[in-house]
Amino acid sequence: MSTQSTPGIDEPGVPDHPSRSDGFVRGLSGLIGGPLGDHAVARDRRSGGERRFWTAVRIVLALTCLTLALHWVQKSPCQDGAWADNEQYTRFCYTDVLALYYAENLNHGAVPYRDHPVEYPVLTGYFMGALGLPVHAVGEGNPAINQGQWFYNLNALVLGALAVATVAVLLALRRRRPWDAALFALAPALLLTATVNWDFLAIGLAALGLLAWARSRPALAGVLIGLAGAAKMWPLFILGPILVLALRAGRLRAALTAIGTAVVAVVAVNLPVAIPYRENWNRFFELNTDRPIDWGTFWYIGRYLDGKFGDPGSQGPFQWLDANIPTLNYLSYALFGLACLGIGALALLAPRRPRLGQLAFLVVAVFLIFSKVWSQQFVLWLLPLVVLARPKWGAFLVWQVAEVCYFVAFYGELLGASTGRPVFPEGVFVLAASLRLVTVVALVVLVVREILHPERDAVRRTYPDDPDGGVLDGAPDVPWLDRLRQRRSGTDPSPAPVPAVT
(Lines give C-alpha, C1' and ligand atoms only; values in the text may rest on other atoms or scores of the structure.)
Protein backbone atom coordinates (compact mmCIF):
# COMPACT_ATOMS: atom_id res chain seq x y z
CA MET A 1 0.00 0.00 0.00
CA SER A 2 1.33 3.43 -0.82
CA THR A 3 -0.96 5.29 1.57
CA GLN A 4 -1.05 5.11 5.33
CA SER A 5 -4.76 4.40 5.71
CA THR A 6 -5.92 1.13 7.20
CA PRO A 7 -9.53 -0.02 6.92
CA GLY A 8 -11.31 -1.32 9.95
CA ILE A 9 -9.81 1.09 12.46
CA ASP A 10 -12.14 3.26 14.51
CA GLU A 11 -12.80 6.73 13.19
CA PRO A 12 -9.94 8.98 14.35
CA GLY A 13 -10.37 12.26 16.14
CA VAL A 14 -12.62 11.12 19.01
CA PRO A 15 -11.01 11.54 22.46
CA ASP A 16 -10.10 8.20 23.99
CA HIS A 17 -11.70 6.95 27.21
CA PRO A 18 -9.80 3.94 28.65
CA SER A 19 -12.88 2.54 30.41
CA ARG A 20 -14.31 1.96 26.94
CA SER A 21 -11.25 1.30 24.77
CA ASP A 22 -8.96 -0.65 27.12
CA GLY A 23 -10.20 -4.12 28.03
CA PHE A 24 -8.32 -4.22 31.33
CA VAL A 25 -9.60 -0.82 32.48
CA ARG A 26 -13.10 -1.63 31.25
CA GLY A 27 -13.13 -4.71 33.45
CA LEU A 28 -11.89 -2.80 36.50
CA SER A 29 -14.41 -0.03 35.90
CA GLY A 30 -17.15 -2.47 36.90
CA LEU A 31 -16.04 -1.94 40.50
CA ILE A 32 -17.10 1.72 40.31
CA GLY A 33 -20.18 1.46 38.14
CA GLY A 34 -18.92 0.54 34.70
CA PRO A 35 -17.41 2.41 31.73
CA LEU A 36 -17.74 6.16 31.25
CA GLY A 37 -21.28 7.03 30.18
CA ASP A 38 -22.60 9.26 27.44
CA HIS A 39 -23.42 12.10 29.84
CA ALA A 40 -19.86 12.18 31.19
CA VAL A 41 -18.46 12.01 27.66
CA ALA A 42 -20.63 14.95 26.67
CA ARG A 43 -19.20 16.98 29.53
CA ASP A 44 -15.71 16.31 28.17
CA ARG A 45 -16.52 18.02 24.90
CA ARG A 46 -15.99 21.71 24.33
CA SER A 47 -19.18 23.70 24.77
CA GLY A 48 -20.36 27.14 25.69
CA GLY A 49 -21.10 25.97 29.24
CA GLU A 50 -18.92 25.98 32.30
CA ARG A 51 -15.70 23.96 31.99
CA ARG A 52 -14.34 21.80 34.79
CA PHE A 53 -11.02 22.66 36.44
CA TRP A 54 -9.95 19.03 36.85
CA THR A 55 -9.43 18.11 33.23
CA ALA A 56 -7.63 14.89 32.29
CA VAL A 57 -4.41 16.82 31.65
CA ARG A 58 -4.44 18.48 35.06
CA ILE A 59 -5.30 15.24 36.81
CA VAL A 60 -2.37 13.44 35.16
CA LEU A 61 0.03 16.27 36.00
CA ALA A 62 -1.21 16.29 39.61
CA LEU A 63 -0.78 12.51 39.84
CA THR A 64 2.79 12.85 38.58
CA CYS A 65 3.56 15.45 41.23
CA LEU A 66 1.97 13.24 43.89
CA THR A 67 4.05 10.23 42.85
CA LEU A 68 7.24 12.31 42.90
CA ALA A 69 6.35 13.69 46.34
CA LEU A 70 5.83 10.16 47.64
CA HIS A 71 9.16 9.19 46.08
CA TRP A 72 10.84 12.01 48.01
CA VAL A 73 9.25 10.77 51.22
CA GLN A 74 10.39 7.22 50.46
CA LYS A 75 13.99 8.44 50.01
CA SER A 76 13.89 10.78 53.02
CA PRO A 77 15.49 8.34 55.53
CA CYS A 78 18.70 8.46 53.48
CA GLN A 79 18.87 12.20 52.86
CA ASP A 80 21.18 13.04 55.77
CA GLY A 81 23.84 10.65 54.48
CA ALA A 82 24.25 9.03 57.91
CA TRP A 83 23.70 5.51 56.65
CA ALA A 84 24.06 3.48 59.83
CA ASP A 85 23.30 -0.24 60.06
CA ASN A 86 22.77 -0.45 56.27
CA GLU A 87 19.53 1.54 56.49
CA GLN A 88 20.03 2.62 52.88
CA TYR A 89 19.25 -1.00 51.98
CA THR A 90 16.84 -2.03 54.73
CA ARG A 91 14.69 1.04 54.02
CA PHE A 92 15.13 0.88 50.22
CA CYS A 93 16.30 4.48 50.09
CA TYR A 94 19.77 4.28 48.53
CA THR A 95 20.50 6.87 45.84
CA ASP A 96 23.60 7.40 43.73
CA VAL A 97 22.93 11.13 43.81
CA LEU A 98 23.86 11.41 47.48
CA ALA A 99 26.57 8.74 47.47
CA LEU A 100 28.39 10.23 44.49
CA TYR A 101 28.41 13.73 45.93
CA TYR A 102 31.18 12.35 48.14
CA ALA A 103 32.58 9.68 45.83
CA GLU A 104 33.11 12.21 43.00
CA ASN A 105 34.73 14.68 45.46
CA LEU A 106 32.10 17.34 44.89
CA ASN A 107 32.10 17.84 48.66
CA HIS A 108 35.70 19.06 48.30
CA GLY A 109 34.85 21.40 45.43
CA ALA A 110 36.35 19.17 42.72
CA VAL A 111 35.34 20.26 39.22
CA PRO A 112 34.12 17.20 37.29
CA TYR A 113 36.64 15.92 34.73
CA ARG A 114 39.15 18.68 35.47
CA ASP A 115 39.90 17.61 39.02
CA HIS A 116 38.37 14.16 39.16
CA PRO A 117 37.37 11.46 36.61
CA VAL A 118 33.61 10.95 36.35
CA GLU A 119 31.98 7.64 35.48
CA TYR A 120 29.17 9.24 33.44
CA PRO A 121 28.91 10.96 30.04
CA VAL A 122 29.86 14.62 29.95
CA LEU A 123 26.50 16.36 30.24
CA THR A 124 25.70 14.37 33.38
CA GLY A 125 29.07 15.45 34.79
CA TYR A 126 28.27 19.07 33.93
CA PHE A 127 24.92 18.69 35.66
CA MET A 128 26.52 17.23 38.80
CA GLY A 129 29.01 20.10 38.92
CA ALA A 130 26.42 22.79 38.20
CA LEU A 131 24.41 21.73 41.25
CA GLY A 132 27.19 20.38 43.46
CA LEU A 133 29.75 23.18 43.32
CA PRO A 134 27.35 25.92 44.50
CA VAL A 135 26.22 23.66 47.34
CA HIS A 136 29.85 23.16 48.35
CA ALA A 137 30.52 26.91 48.15
CA VAL A 138 27.56 27.65 50.41
CA GLY A 139 28.52 24.84 52.76
CA GLU A 140 32.07 26.11 53.21
CA GLY A 141 30.74 29.31 54.73
CA ASN A 142 28.04 27.51 56.72
CA PRO A 143 29.48 24.41 58.39
CA ALA A 144 26.10 23.58 59.95
CA ILE A 145 24.69 22.83 56.52
CA ASN A 146 24.50 19.16 55.53
CA GLN A 147 25.93 19.52 52.03
CA GLY A 148 24.93 16.04 50.90
CA GLN A 149 21.32 16.60 51.92
CA TRP A 150 21.19 19.97 50.20
CA PHE A 151 22.72 18.45 47.07
CA TYR A 152 20.23 15.58 47.02
CA ASN A 153 17.22 17.86 47.52
CA LEU A 154 18.37 20.28 44.84
CA ASN A 155 18.80 17.37 42.43
CA ALA A 156 15.41 15.95 43.43
CA LEU A 157 13.80 19.30 42.63
CA VAL A 158 15.42 19.61 39.19
CA LEU A 159 14.99 15.94 38.26
CA GLY A 160 11.37 16.11 39.42
CA ALA A 161 10.82 19.12 37.16
CA LEU A 162 12.28 17.11 34.26
CA ALA A 163 9.92 14.23 35.09
CA VAL A 164 6.95 16.62 35.01
CA ALA A 165 8.26 18.01 31.71
CA THR A 166 8.38 14.45 30.37
CA VAL A 167 4.75 13.78 31.24
CA ALA A 168 3.83 17.17 29.77
CA VAL A 169 5.45 16.06 26.51
CA LEU A 170 3.46 12.82 26.59
CA LEU A 171 0.28 14.84 27.06
CA ALA A 172 1.24 17.15 24.19
CA LEU A 173 1.88 14.18 21.91
CA ARG A 174 -1.41 12.51 22.88
CA ARG A 175 -3.92 15.35 23.09
CA ARG A 176 -6.71 12.96 22.11
CA ARG A 177 -5.47 10.31 24.55
CA PRO A 178 -4.47 12.20 27.72
CA TRP A 179 -5.13 9.22 29.98
CA ASP A 180 -2.27 7.34 28.31
CA ALA A 181 0.16 9.48 30.31
CA ALA A 182 -1.40 8.16 33.53
CA LEU A 183 0.63 4.98 32.97
CA PHE A 184 3.73 7.09 33.48
CA ALA A 185 2.29 9.16 36.33
CA LEU A 186 1.17 6.14 38.38
CA ALA A 187 4.05 3.78 37.56
CA PRO A 188 5.51 2.11 40.67
CA ALA A 189 8.91 2.34 38.97
CA LEU A 190 8.63 6.13 39.00
CA LEU A 191 7.77 6.05 42.70
CA LEU A 192 10.75 3.84 43.55
CA THR A 193 13.57 5.00 41.25
CA ALA A 194 12.99 8.60 40.10
CA THR A 195 16.11 10.00 41.80
CA VAL A 196 18.26 6.90 42.20
CA ASN A 197 20.49 8.43 39.51
CA TRP A 198 20.43 11.31 37.01
CA ASP A 199 18.49 9.43 34.32
CA PHE A 200 15.72 12.02 34.06
CA LEU A 201 18.21 14.49 32.63
CA ALA A 202 18.49 12.29 29.53
CA ILE A 203 14.83 11.25 29.59
CA GLY A 204 13.54 14.82 29.73
CA LEU A 205 15.81 16.00 26.90
CA ALA A 206 14.95 12.96 24.77
CA ALA A 207 11.22 13.55 25.32
CA LEU A 208 11.59 17.18 24.24
CA GLY A 209 13.50 15.95 21.19
CA LEU A 210 10.63 13.63 20.25
CA LEU A 211 8.21 16.53 20.66
CA ALA A 212 10.34 18.71 18.37
CA TRP A 213 10.37 15.90 15.78
CA ALA A 214 6.59 15.54 16.07
CA ARG A 215 6.29 19.30 15.45
CA SER A 216 8.32 18.90 12.23
CA ARG A 217 11.42 20.62 13.57
CA PRO A 218 14.13 18.05 12.77
CA ALA A 219 17.12 20.32 13.47
CA LEU A 220 15.90 21.14 16.99
CA ALA A 221 14.95 17.49 17.52
CA GLY A 222 18.50 16.45 16.65
CA VAL A 223 20.04 18.98 19.03
CA LEU A 224 17.83 17.84 21.93
CA ILE A 225 18.37 14.13 21.25
CA GLY A 226 22.11 14.80 20.92
CA LEU A 227 22.15 16.58 24.28
CA ALA A 228 20.22 13.67 25.79
CA GLY A 229 22.80 11.30 24.33
CA ALA A 230 25.56 13.40 25.89
CA ALA A 231 23.92 12.72 29.28
CA LYS A 232 23.21 8.99 28.79
CA MET A 233 24.02 7.29 25.51
CA TRP A 234 20.73 5.42 24.93
CA PRO A 235 18.71 8.37 23.45
CA LEU A 236 21.01 8.30 20.41
CA PHE A 237 19.45 4.94 19.52
CA ILE A 238 16.22 6.80 18.68
CA LEU A 239 17.93 8.24 15.62
CA GLY A 240 17.97 4.77 14.03
CA PRO A 241 14.16 4.44 13.91
CA ILE A 242 13.91 8.01 12.62
CA LEU A 243 16.27 7.15 9.77
CA VAL A 244 14.55 3.89 8.81
CA LEU A 245 11.05 5.39 8.90
CA ALA A 246 12.23 8.37 6.87
CA LEU A 247 13.70 5.98 4.30
CA ARG A 248 10.34 4.24 4.01
CA ALA A 249 8.48 7.55 3.66
CA GLY A 250 11.00 9.23 1.36
CA ARG A 251 11.78 11.95 3.92
CA LEU A 252 15.53 11.35 4.26
CA ARG A 253 16.42 15.03 4.30
CA ALA A 254 14.62 15.59 7.60
CA ALA A 255 16.17 12.48 9.16
CA LEU A 256 19.69 13.39 8.04
CA THR A 257 19.17 16.91 9.40
CA ALA A 258 18.23 15.47 12.81
CA ILE A 259 21.18 13.07 12.79
CA GLY A 260 23.58 15.80 11.72
CA THR A 261 22.53 18.25 14.41
CA ALA A 262 22.61 15.45 17.00
CA VAL A 263 26.23 14.68 16.08
CA VAL A 264 27.10 18.38 16.30
CA ALA A 265 25.47 18.63 19.74
CA VAL A 266 27.32 15.56 21.08
CA VAL A 267 30.67 16.77 19.75
CA ALA A 268 30.13 20.33 21.01
CA VAL A 269 29.37 19.09 24.53
CA ASN A 270 32.25 16.61 24.67
CA LEU A 271 35.14 18.50 23.08
CA PRO A 272 35.71 21.03 25.89
CA VAL A 273 36.41 18.10 28.20
CA ALA A 274 37.78 15.44 25.84
CA ILE A 275 40.66 17.61 24.60
CA PRO A 276 42.15 19.02 27.82
CA TYR A 277 41.16 16.20 30.19
CA ARG A 278 41.14 13.18 27.93
CA GLU A 279 42.09 10.61 30.58
CA ASN A 280 39.39 11.73 33.00
CA TRP A 281 36.85 12.05 30.16
CA ASN A 282 37.64 8.51 29.04
CA ARG A 283 36.74 7.07 32.45
CA PHE A 284 33.13 6.41 31.36
CA PHE A 285 34.20 4.39 28.33
CA GLU A 286 36.86 2.45 30.24
CA LEU A 287 34.43 1.54 32.99
CA ASN A 288 31.83 0.24 30.56
CA THR A 289 34.42 -1.66 28.55
CA ASP A 290 36.00 -3.35 31.57
CA ARG A 291 32.86 -4.18 33.57
CA PRO A 292 32.05 -7.89 33.88
CA ILE A 293 28.54 -9.32 33.92
CA ASP A 294 26.40 -7.15 36.18
CA TRP A 295 23.54 -8.12 38.48
CA GLY A 296 20.13 -8.89 37.03
CA THR A 297 21.08 -9.10 33.36
CA PHE A 298 20.40 -11.86 30.85
CA TRP A 299 24.08 -12.80 31.19
CA TYR A 300 23.85 -12.92 34.98
CA ILE A 301 20.92 -15.34 34.77
CA GLY A 302 22.91 -17.52 32.38
CA ARG A 303 25.95 -17.51 34.66
CA TYR A 304 23.80 -18.61 37.58
CA LEU A 305 22.31 -21.46 35.52
CA ASP A 306 25.82 -22.51 34.48
CA GLY A 307 26.68 -22.96 38.14
CA LYS A 308 23.48 -24.84 38.94
CA PHE A 309 23.20 -27.21 36.00
CA GLY A 310 26.72 -27.39 34.56
CA ASP A 311 29.18 -30.16 35.21
CA PRO A 312 30.97 -29.75 38.59
CA GLY A 313 34.43 -28.34 38.09
CA SER A 314 33.76 -27.28 34.49
CA GLN A 315 33.16 -23.77 33.22
CA GLY A 316 29.86 -23.02 31.48
CA PRO A 317 29.59 -20.63 28.51
CA PHE A 318 28.31 -17.68 30.57
CA GLN A 319 30.94 -18.26 33.24
CA TRP A 320 33.55 -18.29 30.50
CA LEU A 321 32.21 -15.01 29.11
CA ASP A 322 32.40 -13.42 32.55
CA ALA A 323 36.12 -14.17 32.58
CA ASN A 324 36.62 -13.04 28.96
CA ILE A 325 35.13 -9.55 28.97
CA PRO A 326 36.22 -8.46 25.45
CA THR A 327 34.35 -11.44 23.97
CA LEU A 328 31.35 -10.64 26.19
CA ASN A 329 31.37 -7.07 24.87
CA TYR A 330 31.54 -8.16 21.23
CA LEU A 331 28.76 -10.70 21.70
CA SER A 332 26.53 -8.19 23.48
CA TYR A 333 27.09 -5.61 20.72
CA ALA A 334 26.52 -8.23 18.02
CA LEU A 335 23.21 -9.39 19.48
CA PHE A 336 22.03 -5.80 19.85
CA GLY A 337 23.12 -5.06 16.28
CA LEU A 338 21.28 -8.10 14.92
CA ALA A 339 18.17 -7.11 16.85
CA CYS A 340 18.38 -3.62 15.37
CA LEU A 341 18.68 -5.09 11.87
CA GLY A 342 15.55 -7.11 12.57
CA ILE A 343 13.72 -4.01 13.77
CA GLY A 344 14.85 -2.18 10.63
CA ALA A 345 13.54 -4.97 8.42
CA LEU A 346 10.27 -4.93 10.34
CA ALA A 347 10.00 -1.17 9.82
CA LEU A 348 10.49 -1.49 6.07
CA LEU A 349 8.41 -4.61 5.41
CA ALA A 350 5.48 -4.24 7.83
CA PRO A 351 2.09 -3.90 6.10
CA ARG A 352 1.87 -0.32 7.36
CA ARG A 353 4.66 2.00 8.37
CA PRO A 354 5.18 1.60 12.15
CA ARG A 355 4.90 4.54 14.49
CA LEU A 356 8.08 6.17 15.78
CA GLY A 357 7.13 5.46 19.39
CA GLN A 358 6.86 1.75 18.63
CA LEU A 359 10.30 1.48 17.05
CA ALA A 360 11.96 3.69 19.67
CA PHE A 361 10.65 1.40 22.40
CA LEU A 362 11.82 -1.72 20.58
CA VAL A 363 15.37 -0.43 20.08
CA VAL A 364 15.85 0.69 23.70
CA ALA A 365 14.22 -2.48 25.04
CA VAL A 366 16.48 -4.84 23.06
CA PHE A 367 19.49 -2.82 24.16
CA LEU A 368 18.57 -3.50 27.79
CA ILE A 369 17.79 -7.15 27.09
CA PHE A 370 21.26 -7.83 25.66
CA SER A 371 23.28 -5.37 27.74
CA LYS A 372 25.71 -6.65 30.36
CA VAL A 373 24.55 -3.83 32.69
CA TRP A 374 20.89 -3.27 33.68
CA SER A 375 20.78 -1.00 36.72
CA GLN A 376 17.60 -0.70 38.76
CA GLN A 377 16.76 2.81 37.50
CA PHE A 378 17.09 1.87 33.81
CA VAL A 379 13.39 1.00 33.96
CA LEU A 380 12.80 4.75 33.71
CA TRP A 381 14.15 4.73 30.15
CA LEU A 382 11.28 2.55 29.01
CA LEU A 383 8.45 4.29 30.88
CA PRO A 384 7.72 7.15 28.41
CA LEU A 385 8.46 4.91 25.43
CA VAL A 386 5.93 2.31 26.58
CA VAL A 387 3.30 5.05 26.83
CA LEU A 388 4.03 6.07 23.24
CA ALA A 389 4.35 2.52 21.91
CA ARG A 390 1.60 0.55 23.62
CA PRO A 391 -0.66 2.46 26.04
CA LYS A 392 -2.53 -0.53 27.44
CA TRP A 393 -2.78 -1.19 31.15
CA GLY A 394 -2.81 -4.99 31.43
CA ALA A 395 0.68 -5.96 30.24
CA PHE A 396 2.05 -2.68 31.59
CA LEU A 397 0.96 -3.52 35.14
CA VAL A 398 2.34 -7.05 34.91
CA TRP A 399 5.70 -5.54 33.90
CA GLN A 400 5.55 -3.04 36.76
CA VAL A 401 4.82 -5.80 39.28
CA ALA A 402 7.89 -7.64 37.99
CA GLU A 403 9.95 -4.45 38.35
CA VAL A 404 8.79 -4.00 41.96
CA CYS A 405 9.71 -7.62 42.74
CA TYR A 406 13.15 -7.03 41.22
CA PHE A 407 13.55 -3.80 43.20
CA VAL A 408 12.91 -5.61 46.49
CA ALA A 409 15.12 -8.57 45.56
CA PHE A 410 17.89 -6.25 44.44
CA TYR A 411 18.00 -4.48 47.79
CA GLY A 412 18.04 -7.85 49.51
CA GLU A 413 21.05 -8.79 47.41
CA LEU A 414 22.75 -5.49 48.26
CA LEU A 415 22.15 -6.04 51.97
CA GLY A 416 23.48 -9.58 51.79
CA ALA A 417 26.62 -8.40 49.96
CA SER A 418 27.16 -5.65 52.55
CA THR A 419 26.74 -7.83 55.64
CA GLY A 420 28.13 -11.09 54.29
CA ARG A 421 24.90 -12.85 55.32
CA PRO A 422 22.50 -13.63 52.46
CA VAL A 423 19.00 -12.28 53.03
CA PHE A 424 17.55 -15.03 50.86
CA PRO A 425 18.91 -17.64 48.42
CA GLU A 426 20.43 -16.19 45.28
CA GLY A 427 17.83 -18.11 43.29
CA VAL A 428 15.18 -15.69 44.55
CA PHE A 429 17.06 -12.76 43.06
CA VAL A 430 17.61 -14.66 39.80
CA LEU A 431 13.90 -15.45 39.65
CA ALA A 432 13.06 -11.76 40.10
CA ALA A 433 15.55 -10.80 37.38
CA SER A 434 14.07 -13.46 35.09
CA LEU A 435 10.55 -12.13 35.63
CA ARG A 436 11.72 -8.64 34.73
CA LEU A 437 13.44 -9.93 31.61
CA VAL A 438 10.43 -12.01 30.55
CA THR A 439 7.96 -9.15 30.98
CA VAL A 440 10.11 -6.78 28.90
CA VAL A 441 10.43 -9.45 26.20
CA ALA A 442 6.63 -9.90 26.34
CA LEU A 443 6.14 -6.16 25.78
CA VAL A 444 8.49 -6.35 22.80
CA VAL A 445 6.48 -9.23 21.34
CA LEU A 446 3.20 -7.37 21.85
CA VAL A 447 4.52 -4.24 20.15
CA VAL A 448 5.83 -6.30 17.21
CA ARG A 449 2.43 -8.00 16.92
CA GLU A 450 0.69 -4.63 16.74
CA ILE A 451 3.13 -3.45 14.06
CA LEU A 452 2.29 -6.54 11.99
CA HIS A 453 -1.43 -6.12 12.74
CA PRO A 454 -1.98 -2.34 12.94
CA GLU A 455 -5.70 -2.80 13.57
CA ARG A 456 -4.71 -3.88 17.10
CA ASP A 457 -2.84 -0.62 17.75
CA ALA A 458 -4.74 1.50 20.29
CA VAL A 459 -3.14 4.76 19.13
CA ARG A 460 -4.26 4.23 15.53
CA ARG A 461 -7.85 3.97 16.72
CA THR A 462 -7.60 7.62 17.70
CA TYR A 463 -5.15 9.06 15.17
CA PRO A 464 -5.14 8.50 11.40
CA ASP A 465 -1.41 7.76 11.27
CA ASP A 466 1.46 8.66 13.64
CA PRO A 467 1.07 11.62 16.01
CA ASP A 468 4.81 11.39 16.79
CA GLY A 469 5.85 11.23 13.14
CA GLY A 470 6.24 14.90 12.27
CA VAL A 471 7.12 15.05 8.57
CA LEU A 472 6.37 11.31 8.39
CA ASP A 473 2.79 11.63 9.61
CA GLY A 474 0.46 10.75 6.73
CA ALA A 475 3.28 10.48 4.18
CA PRO A 476 2.93 7.70 1.59
CA ASP A 477 5.50 4.97 1.26
CA VAL A 478 8.14 5.31 -1.44
CA PRO A 479 7.11 3.45 -4.63
CA TRP A 480 10.10 1.10 -4.71
CA LEU A 481 9.22 -0.24 -1.29
CA ASP A 482 5.66 -0.95 -2.45
CA ARG A 483 7.03 -2.95 -5.36
CA LEU A 484 9.42 -4.85 -3.07
CA ARG A 485 6.62 -5.89 -0.72
CA GLN A 486 4.40 -6.87 -3.62
CA ARG A 487 7.10 -9.10 -5.04
CA ARG A 488 7.64 -10.74 -1.64
CA SER A 489 3.91 -11.43 -1.34
CA GLY A 490 3.63 -12.69 -4.90
CA THR A 491 1.27 -9.91 -5.99
CA ASP A 492 3.55 -7.95 -8.28
CA PRO A 493 1.20 -6.05 -10.63
CA SER A 494 3.87 -5.21 -13.17
CA PRO A 495 3.03 -6.51 -16.66
CA ALA A 496 4.82 -9.51 -18.10
CA PRO A 497 7.70 -8.67 -20.44
CA VAL A 498 6.80 -8.48 -24.15
CA PRO A 499 8.65 -11.08 -26.24
CA ALA A 500 11.15 -9.62 -28.67
CA VAL A 501 10.08 -9.61 -32.33
CA THR A 502 12.33 -11.72 -34.52
Side-chain angles (χ1 to χ4, degrees), residues 60-76 78-79 93-101 104 112 118-132 151-173 181-212 224-238 269 284 360-361 364 367-368 374-388 400 403 407:
V60 170
L61 288 171
L63 288 173
T64 305
C65 293
L66 176 62
T67 301
L68 292 170
L70 292 174
H71 168 79
W72 183 86
V73 172
Q74 194 269 323
K75 294 298 180 189
S76 61
C78 286
Q79 289 182 20
C93 61
Y94 171 83
T95 168
D96 287 333
V97 173
L98 185 55
L100 292 178
Y101 179 71
E104 300 291 352
V118 178
E119 61 183 82
Y120 296 110
V122 167
L123 194 63
T124 298
Y126 289 166
F127 186 80
M128 294 163 61
L131 298 185
F151 180 67
Y152 171 77
N153 283 311
L154 185 56
N155 274 272
L157 182 64
V158 178
L159 294 172
L162 288 166
V164 173
T166 301
V167 82
V169 168
L170 296 175
L171 290 164
L173 291 173
L183 280 82
F184 180 94
L186 295 174
L190 179 65
L191 171 65
L192 295 172
T193 63
T195 62
V196 167
N197 201 281
W198 290 275
D199 292 81
F200 262 116
L201 176 60
I203 294 168
L205 289 169
L208 291 170
L210 287 172
L211 180 62
L224 290 167
I225 292 173
L227 290 175
K232 299 274 185 175
M233 291 191 67
W234 66 266
L236 298 177
F237 301 150
I238 298 173
V269 170
F284 165 74
F361 168 78
V364 177
F367 172 74
L368 290 176
W374 193 343
S375 299
Q376 54 169 321
Q377 75 277 6
F378 288 1
V379 59
L380 296 172
W381 302 358
L382 294 179
L383 271 183
L385 298 179
V386 165
V387 174
L388 297 178
Q400 287 296 290
E403 290 286 356
F407 180 85

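The closest donor-acceptor contact from the side chain of Thr64 to the backbone of Ala185 lies at 3.5 Å or more, if one exists at all. Proximity of a side-chain donor or acceptor of Ser375 to a complementary backbone N or O of Gln377 within less than 3.5 Å is not detected.
Residues satisfying the ring pair (Phe, Tyr, Trp, His ring centres under 6.0 Å) test with Tyr94, not counting sequence neighbours, are Trp83. Here Ala360 pairs with Ile238, Leu385 under the side chain to side chain contact (heavy atoms under 4.5 Å, CB included) rule; sequence neighbours left out.
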| Are Leu227 and Leu123 close enough, and set up right, to give a side-chain contact (heavy atoms from CB on, under 4.5 Å), and what steps lead you there? | CA-CA 7 Å; Leu227 290 175; Leu123 194 63; 4.3 Å; yes
| field | Worked check of side-chain hydrogen bond (donor to acceptor under 3.5 Å, both in side chains) between Asn197 and Tyr120 | value | CA-CA 11 Å; Asn197 201 281; Tyr120 296 110; 2.8 Å; yes
| task | For the pair Val167 and Leu61, evaluate side-chain contact (heavy atoms from CB on, under 4.5 Å) and give the outcome as yes or no after the intermediate values. | result | CA-CA 7 Å; Val167 82; Leu61 288 171; 3.5 Å; yes
| Hey, mind stepping through Asp96 and Trp198 against side-chain hydrogen bond (donor to acceptor under 3.5 Å, both in side chains) and telling me if it holds? | CA-CA 8 Å; Asp96 287 333; Trp198 290 275; over 6 Å; no
| request: Mind running side-chain contact (heavy atoms from CB on, under 4.5 Å) on Phe127 and Leu159 for me, showing each step along the way? | output: CA-CA 11 Å; Phe127 186 80; Leu159 294 172; 4.2 Å; yes
| request: For side-chain contact (heavy atoms from CB on, under 4.5 Å), just list the numbers for Lys232 and Leu201, CA-CA rounded to whole Å, side-chain angles, deciding distance to a tenth of an Å, and then say yes or no. | output: CA-CA 8 Å; Lys232 299 274 185 175; Leu201 176 60; over 6 Å; no
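The side-chain heavy atoms of Gln400 and Val379, taken from C-beta on, include a pair separated by under 4.5 Å. Between Phe361 and Leu382 there is a side-chain heavy-atom pair separated by less than 4.5 Å. Counting heavy atoms from C-beta on, the side chains of Thr195 and Asn155 never come closer than 4.5 Å. At least one side-chain heavy atom of Val269 sits under 4.5 Å from a side-chain heavy atom of Tyr126.
With ring centers used as reference points, Phe237 lies 6.0 Å or more from Trp234.
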